Amino acid sequence: MSTRVSFVMGVSSLLQRRCLWSSQWRVRNYSVRSAPLPPDLPLLAETARISLTPKEVEEFTPKIQQVINWFGQLQAVDLQSIEPALRADTEGDNLRNDVPETFENRWEAMLSAVPSFEEPYIKVPKVLNKE
Amino acid sequence: MASVLFRGIQTRPFLLYPSALLSRKNGVLFCTTKCSQSQTATQENQQTQMKVSPRTHTKKVEKILHDYEAIIGIETHVQLDTLTKAFCSCAYLYGSQPNTNVCPICMGLPGTLPVLNSKVIEFAVKVGLALNCNLSMNSKFDRKQYFYPDLPKGYQISQFDIPIATGGFIELDLPTEYGGGHRKFGITRVHMEEDAGKLLHSGNGSYSQVDLNRAGVPLLEIVSEPDIRSGLEAAEYAAEIQRLVRYLGVSNGNMQEGSLRCDVNVSVRPIGQLEYGTKVEIKNMNSFSAMNRAIDFEISRQVDLYSKGEDNQIIQETRLWEEGAQRTVTMRKKEGLADYRYFPEPDLPEVVLSEEYVDNIRASLLELPEVKRRRYERMGLSMQDVLFLTNDMNVADFFDATIERGAEVKMAANWIMSDIAAYLNNEKLSINEIKLTPQELAELISSIKGGTISGKIGKEILFELISNGGTVKALIEEKDLVQIVDPAEIEKMVDKVLIENPKQLQQYRGGKTKLQGFFAGQVMKLSKGKANPGLLNKILLEKLNAKG
């Protein structure tokens with residue numbers, strides 16, 4: 001699930017990068033209007049950890065470009081006088097009390113499904129560097 | 001709602017001269033917490049200096065350090081002491097069997113959704129207020145995306161551009177043994193996020209092991225302004241953050257347990273230069289003193305390169321502190337900034353704070369370390385005493401309770417810092433666990449001040465009170481400890497001792513004046529320790545020098 005979502009979100013973040021000046025956390029500038037950059041597919045695939053053949057890269061680039069352009073239509077909206085919303089919903093909070101509950105069915109429901117489980121640890125390939 | 005606070009006791013396994021420990025008032029800083037060690041930066045420094053020979057700068061580097069200024073910023077991750085994790089109801093118990101405090105949510109299994117623990121917001125607001133920050137009444141969560149085996153969802157829920165608190169500051173006092181001084185450091189931001197699991201690298205190198213118990217545990221990330229200028233300041237900053245989170249009751253702040261982690265960014269520039277130098281990140285410092293040494297080493301390393309004209313060799317990278325070799329080494333080179341593809345967490349609503357909510361929390365905050373220090377200073381205590389007494393909130397509370405009951409300030413401070421502290425360290429107890437009450441300490445102090453008992457007797461009673469409790473009055477009666485202040489009675493005893501020790505008397509009158517101590521001891525013994533020492537010696541001296 002997470003790789004697919006990450007791929008899609010990676011695409012939308014290409015759009016976002018047009019809006020954020022830098023990776024510093026500063027106020028967004030919504031007045032930027034220009035055509036979105038063509039997607040760097042090898043980079044995109046790398047960040048999403050999806051391997052693509054050169055043929056697939058060629059095939060997918062225009063398709064992803066189309067998706068970006070489709071989102072890009074939003075840039076036609078005049079947001080100059082609009083207060084930025086933090087988030088899309090207006091539902092209010094959804095909080096939980098700090099009361100512990102044990103998930104009972106750990107082995108059957110979860111750990112037994114782990115591809116390589118070496119009691120009591122989850123066995124994974126050795127990865128030294130983050131990102 | 002009881003948060004179990006695991007706090008460490010002062011243990012000094014490498015102490016070479018225990019007697020020196022007891023005679024130095026400030027040598028026995030202690031915390032009223034169990035389990036693992038927790039020490040102030042100074043304590044750690046002193047301890048380390050005993051087992052590691054002091055790292056000396058080369059003469060050359062010493063000289064040129066003065067021409068450069070270090071710019072240091074610290075990112076601290078504080079593990080919050082909530083009963084459950086940030087986004088699920090799993091308990092988090094440090095030391096549990098691996099992969100037992102887990103559920104589908106914190107394991108990142110498909111179809112699960114995070115639900116925020118309300119306590120996390122409360123703790124974040126507490127810390128934000130304590131750090132004098134501006135609170136964002138509306139903030140949000142974001143996904144910070146990267147792939148790593150200890151990150152089950154493939155992203156960390158964090159706060160990117162709208163953190164819950166920004167623009168604050170923290171104040172502290174540097175220890176007197178390092179020159180003292182007051183410092184104020186800016187706090188850039190405080191935000192909420194979740195912890196990742198634990199990754200253990202196996203010996204033979206072909207695979208690693210993951211324990212997800214820690215995944216989802218709530219963290220507060222506190223980022224300082226680059227206002228820190230030395231290893232010492234950095235260590236004290238970290239110690240003050242630890243002090244603060246313990247005072248607030250939001251975390252046990254144990255570096256050894258991993259509930260307080262610091263990453264440091266260090267750069268240097270020639271004094272007078274406006275531009276910052278290249279920033280280097282340092283990781284893997286497991287104690288305040290390690291932070292101090294690591295930073296000082298790194299400053300020297302960078303200054304040394306500058307002085308040789310090789311400052312272009314300073315690159316933006318992450319270096320690891322090697323405790324054994326006492327140096328930093330390259331871990332990996334930062335190839336540009338990591339791209340975390342931040343976007344707002346769609347599964348979590350906005351975090352909205354109301355004025356009332358914030359006001360309630362502000363009103364519930366107890367006296368914080370900085371305020372307490374200033375109050376104690378105004379009471380006339382020395383900075384050394386102030387730092388000692390305020391290091392641990394329970395000790396400060398005990399002290400406050402004692403003087404509230406009328407005890408004289410300096411005396412109360414002395415008793416707590418010397419005899420009581422020594423006992424606590426020996427028995428590895430916290431001040432809350434001894435049977436002595438502030439009431440009785442106050443009573444003891446006033447009994448001594450009023451002359452009812454001598455100071456020496458007081459010490460004996462203290463020991464009894466600490467280990468077995470009881471009251472001062474009862475003990476005095478029971479053991480017949482009232483001081484003898486009647487000069488006539490003392491005279492009688494002095495006479496008796498002089499008569500019984502003619503040889504020593506002769507020696508004294510022959511010139512061996514040191515024997516006064518011997519006679520004094522004999523009179524004390526005779527009086528069962530109750531003779532008022534001042535009076536005793538006065539009368540003794542008179543009698544000794546009278547005849548002949």
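Just so it is clear, the structure is predicted and the values come from calculations on it, not from any experiment. So that the names make sense, note that chain A is the first sequence line, chain B the second, and so on, each numbered from 1.
- Between Glu281(B) and Lys283(B) a salt bridge is recorded (basic side-chain N to carboxylate O distance below 4.0 Å).
- Proximity to chain A involves both the backbone and the side chain of Thr82(B), based on heavy atoms less than 4.5 angstrom apart.
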If you apply the rule salt bridge (charged side-chain N to carboxylate O under 4.0 Å, His left out), what do you find for Arg143(B) with Asp347(B), and how did you get there? CA-CA 10 Å; Arg143(B) 288 189 186 180; Asp347(B) 297 336; 3.2 Å; yes
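- Of the atoms belonging to Leu200(B), it is side-chain heavy atoms, and not backbone ones, that fall under 4.5 Å from chain A.
- Asp339(B) places a side-chain N or O within donor-acceptor distance of the main-chain N or O of Arg341(B), the cut-off being under 3.5 Å.
- Judged by distance alone, the side chains of Ser112(A) and Arg106(A) never bring a donor and an acceptor atom under 3.5 Å apart.
- Checked options Tyr146(B), Tyr148(B), Tyr155(B); the residue passing with Tyr340(B) is Tyr146(B) (criterion: ring pair (Phe, Tyr, Trp, His ring centres under 6.0 Å)).
- Remark: the Ser259(B) side chain and the Gln79(B) side chain contain no N/O donor-acceptor pair separated by less than 3.5 Å.
- At a 4.5 Å heavy-atom cutoff, Lys198(B) makes no contact with chain A through either its backbone or its side chain.
- Of the listed residues Cys90(B), Pro104(B), Ala91(B), the one with more heavy-atom pairs under 4.5 angstrom with chain A than any other is Pro104(B).
- A side-chain N or O of Ser96(B) and one of Asn101(B) form a donor-acceptor pair less than 3.5 Å apart.
- Heavy-atom pairs under 4.5 Å with chain A peak, among Val210(B), Val120(B), Asp211(B), Val102(B), at Val210(B).
- Using a 4.5 Å cut-off between heavy atoms, Phe87(B) touches chain A through its backbone atoms (N, CA, C, O) alone.
- Residues of residues 113-121 of chain A having a heavy atom under 4.5 Å from any heavy atom of chain B, listed by number: Phe117(A), Glu118(A), Pro120(A), Tyr121(A).
- The pair Lys140(B)-Asp161(B) meets the salt-bridge criterion, with a side-chain N (NZ, NE, NH1 or NH2) lying under 4.0 Å from an Asp/Glu carboxylate O.
- Ser158(B) and Glu193(B) form a side-chain donor-acceptor contact under 3.5 Å, judged by distance and modelled atom types alone.
- With no hydrogens or angles considered, no side-chain donor-acceptor pair links Thr278(B) and Gln316(B) at under 3.5 Å.
- Ranked by heavy-atom pairs under 4.5 Å with chain B, the first of Asp98(A), Ile122(A), Leu111(A) is Asp98(A).
- Ranked by non-hydrogen atom pairs under 4.5 Å with chain A, the options Ile121(B), Leu348(B), Val351(B) are led by Leu348(B).
- Looking only at atom types and distance, the side chain of Glu350(B) has no donor-acceptor partner in the side chain of Ser139(B) under 3.5 Å away.
- Neither the backbone nor the side chain of Ala196(B) comes within less than 4.5 Å of any heavy atom in chain A.
- Using a 4.5 Å cut-off between heavy atoms, Gln97(B) touches chain A through its side chain atoms alone.
- No part of Val352(B) comes within reach of chain A, as not one of its non-hydrogen atoms sits under 4.5 angstrom from that chain.
- Contact detail for Phe141(B) and Met192(B): the closest heavy-atom pair is CZ-CE, 3.7 Å.
- Only the backbone of Val99(A) comes within contact range of chain B, judged by heavy atoms closer than 4.5 Å.
- Heavy atoms closer than 4.5 Å to chain A are found in the side chain of Leu212(B), but not in its backbone.
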